[in-house]
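Worksheet: the structure to be examined is printed underneath.
Labels below follow one simple rule: chain letters A, B, ... track the order of the sequence lines, proteins then strands, and each chain is numbered from 1.
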Number of protein chains: 2
Amino acid sequence: MHGSDGESGRGGQEGRLPVYRRIAEELRATVTSGQLRDGDQLPGENALMERYGVARATARQALRVLIDEGLAVARRGSGVYVRQFRPLRRHGSRRLARAGWGSGTAIWDADTNGRTYAPDQVTIVEQDPPEAAVRALRLDPGDRVLVRRRRYLVEGRPVQLAISYYPAGLVAGTRIADADTGPGGVYARLAELGHAPAAFTEELRARMPSPEERDGLDLPDGNPVIAVMRTAFGEDGAPVELNEMVLDAASYILQYDFLA
Amino acid sequence: MHGSDGESGRGGQEGRLPVYRRIAEELRATVTSGQLRDGDQLPGENALMERYGVARATARQALRVLIDEGLAVARRGSGVYVRQFRPLRRHGSRRLARAGWGSGTAIWDADTNGRTYAPDQVTIVEQDPPEAAVRALRLDPGDRVLVRRRRYLVEGRPVQLAISYYPAGLVAGTRIADADTGPGGVYARLAELGHAPAAFTEELRARMPSPEERDGLDLPDGNPVIAVMRTAFGEDGAPVELNEMVLDAASYILQYDFLA
DNA sequence: GAGTGGTCTAGACCACGCC
DNA sequence: GCGTGGTCTAGACCACTCA
């Protein structure tokens, strides 16, 4: 029998799900009910073909639903597994006027403790600034910027790509141009130059990654990223740094504490 | 010719892209280069089949790449179109100690101006609290909560689902239990009760939506959401509200300003 | 080497949109 | 009514993983 057999192909109709969606629902239920847990293997293409009497493409499509939802990951040559979610907690502003506010009230768990966080790739160049850096750093035409690119790992897994921009005139010849910025890092060096960051603005977006970001973060299908544009300002109100971060959304919970 | 023809099926090999990825690359280029712009129609399945001499499934797969990346949307019976991105800007903490910090430095554009923002669905119930509300509001066993559910529209488009929880003992019998909370909204009513919010904690995650969230926000494939858990605290440090928001990631830029 | 997911072909019927 | 995307079948070869 080819094509629709009289029951299928009615995607739009009330109460009638396409076959692949029905299969996906049943698979989802085994995950959300706790029957299958983090890292457990789901039934594969062949198993679904046999169990439901469908073609390979239909079985694939059902698995794709879960993968695109971020509930499962496919491992070529091995199988499809329940996705794990064990995030880090990243704090923006965390200073509060009183104790009792903000502490001990975490809603989502995040076990940051004891996990190392370090860059495995650092490249530094001086170049003409991209548009975003011109705006954020309020550069004049002809100004150049120092660019620091890093990739950060936690337990061997890449979780963040970062690109920082500094006005070249401000930091040229300092350790900010070195791979190793010394004790206290970039902000300590900026402070020594009389430009200690005093205030920050962060702009956040979430979206699907570009192919380069997918590669750099080793992301599975259906894994969004969080793009953070962070501008640091000195005491005088002048911007001293633009930090453009791309976070694996599955690896992060972001927290901001602030007053009314 | 069946199956691989000697060139295809080498997904893993260095420098060799599967056919559908090569097609996707070319399509992506027409978008990122500006050749095709917001809302323009992309070549459809039939066009790709003819142009590249591939099967329908392969043409579909190529389009799927762009759709999953959030670069395109499919409209059944019509075609595949370049996705639009016209976000709102949502401010968390925006108070800064000095002028010059944070203002006029926006990196990503967001035209919030003149767009109405209003709920089209409001439901209110009293019930036993879910786990997240127990933790955030520090409830005792047996405590009940008032739950306000809303969906917010901008220009007729749903952009946010929100569920707020209040300790039932705190707000029972007040206008917070009404669909119309009166001038100043919920926070004005809390202030009248002597529990004006004085501090906030926001925890953010980005992920793919659940089927319910997809329906409620009318999201296309490949569209992530931002989940915000916002806890409001009174002057005395006691939590007075948990607000659980789910934002269409394509409709929002989130901004936080804070001091070092 | 057996089993897995990844890619691909060549067909088919359907619901939907738009003119 | 025609073109669109959505679903589905029945096959095939491939690269990869793991015992």
Can you tell me how far [atom2] of [N] sits from [atom1] of [X], to the nearest Å?
X: A:Tyr52; N: D:dC8; atom1: OH; atom2: P; answer: 13 Å
X: A:Glu45; N: D:dA10; atom1: CD; atom2: C1'; answer: 14 Å
X: A:Leu48; N: C:dG5; atom1: CG; atom2: P; answer: 8 Å
X: B:Arg64; N: C:dG6; atom1: CZ; atom2: P; answer: 15 Å
X: A:Asn46; N: C:dG5; atom1: CG; atom2: P; answer: 7 Å
X: B:Arg56; N: C:dC14; atom1: CZ; atom2: P; answer: 15 Å
X: A:Arg76; N: D:dA15; atom1: CZ; atom2: P; answer: 9 Å
X: A:Gln61; N: D:dA10; atom1: CD; atom2: P; answer: 15 Å

Between [options], which one does the side chain of [X] approach most closely?
X: A:Ser78; options: C:dG6, D:dT17, C:dC8; value: D:dT17
X: B:Val19; options: C:dA15, C:dC8, D:dT7; value: C:dC8
X: B:Val54; options: C:dA15, C:dA12, C:dT9; value: C:dT9

By nearest nucleotide on DNA chain D, pick out whichever of A:Tyr20 and A:Tyr81 is the more 5' one. A:Tyr20

Starting at the 5' end of DNA chain D, which residue's closest nucleotide do you reach first, B:Ala57 or B:Val80? B:Val80

Is B:Glu25 paired with B:Arg28 through a side-chain N to carboxylate O contact shorter than 4.0 Å? yes

Taking any heavy-atom pair under 4.0 Å as a contact, classify A:Ala74: base, sugar-phosphate, or nothing. sugar-phosphate

With a non-hydrogen cut-off below 4.0 angstrom, is B:Arg60 in contact with a base, only sugar-phosphate, or nothing? base

For a quick check under 3.5 Å, do A:Arg230 and A:Ser164 share a side-chain donor-acceptor pair by atom type? no

Can you name the nearest heavy-atom pair linking A:Pro209 to A:Leu219, along with the distance? CG-CD1, 3.8 Å

List the atom of B:Ala206, the atom of A:Ala249, and the distance in Å for their closest heavy-atom pair. O-CB, 3.4 Å

From the options A:Asp120, A:Asp218, A:Asp215, select the one residue that forms a side-chain contact (heavy atoms from CB on, under 4.5 Å) with A:Pro158. A:Asp218

